[in-house]
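This report concerns only the one structure given below.
Bear in mind that the values here come from a model prediction, so they are computed numbers and not experimental data.
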Amino acid sequence: MKLAYAMNKGSTDAAPAEASYAASAGSRTLMDAEPGQTYIIREINTDDDEMNSFLFRLGCYQGEPITLISKKKKSCIVVIKDGRYNLDKMLSEAIII
């Protein structure tokens, strides 16, 4: 509510608050990324062996570049090793960039 109020008043206090939130968050998932950018996968954060195996078969593992093409509320489209894939929200949130 404070952020919306500050934005309506034309105050510039809203931008530093968002920047400090992003810096304090530490790890970012693929759902937090900006479309059109290429990122390096830092880790795959899941306890599900089947999900790990599936992502590994796509070429999605630590140290591999991943490009976010577009993002919606419940899915995103990525490019991994010249392949274009649509990942649901659960898979996207398991990929830490």
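Within the 4.5 Å cutoff, side-chain heavy atoms of Cys60 are placed close to those of Ile44. Inter-residue side-chain proximity for Leu30 and Leu87 is flagged as met; some heavy-atom pair is nearer than 4.5 Å. With a 4.5 Å cut-off on side-chain heavy atoms, Ile40 and Ile97 do not count as touching.
Leu91 CG to Thr46 OG1: the interatomic distance, rounded to the nearest 0.5 Å, is 8.5 Å.
Gln62 contributes a side-chain N or O that, together with a main-chain N or O of Arg42, makes up a donor-acceptor pair within less than 3.5 Å.
Remark: Met90 engages Met51, Asp88 in a side chain to side chain contact (heavy atoms under 4.5 Å, CB included) (not counting sequence neighbours). For Asp48, the side chain to side chain donor-acceptor pair (under 3.5 Å) criterion is met by no residue, not counting sequence neighbours. Evaluation of the side chain to side chain contact (heavy atoms under 4.5 Å, CB included) rule for Glu34 yields Gln37, Tyr39 as partners, not counting sequence neighbours.
Among residues at least two apart or in separate chains, ring-ring contact (aromatic ring centres under 6.0 Å, His included) pairs with a member in residues 58-97 are Phe56-Tyr61.
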Could you give the side-chain donor-acceptor pairs of residues 64-78 under 3.5 Å, partners two or more places apart or in another chain?
| from | atom 1 | to | atom 2 | distance (Å) |
| --- | --- | --- | --- | --- |
| Thr67 | OG1 | Thr38 | OG1 | 2.9 |
| Lys71 | NZ | Met31 | O | 3.0 |
| Lys71 | NZ | Ala33 | O | 2.8 |

Q: Assess whether side-chain contact (heavy atoms from CB on, under 4.5 Å) is satisfied between Thr29 and Ile95, documenting all intermediate values.
A: CA-CA 6 Å; Thr29 66; Ile95 300 172; over 6 Å; no

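Hydrophobic clustering (side-chain heavy atoms under 4.5 Å, transitive across Ile, Leu, Val, Met, Phe, Trp, Tyr) keeps Leu58 apart from Val79.
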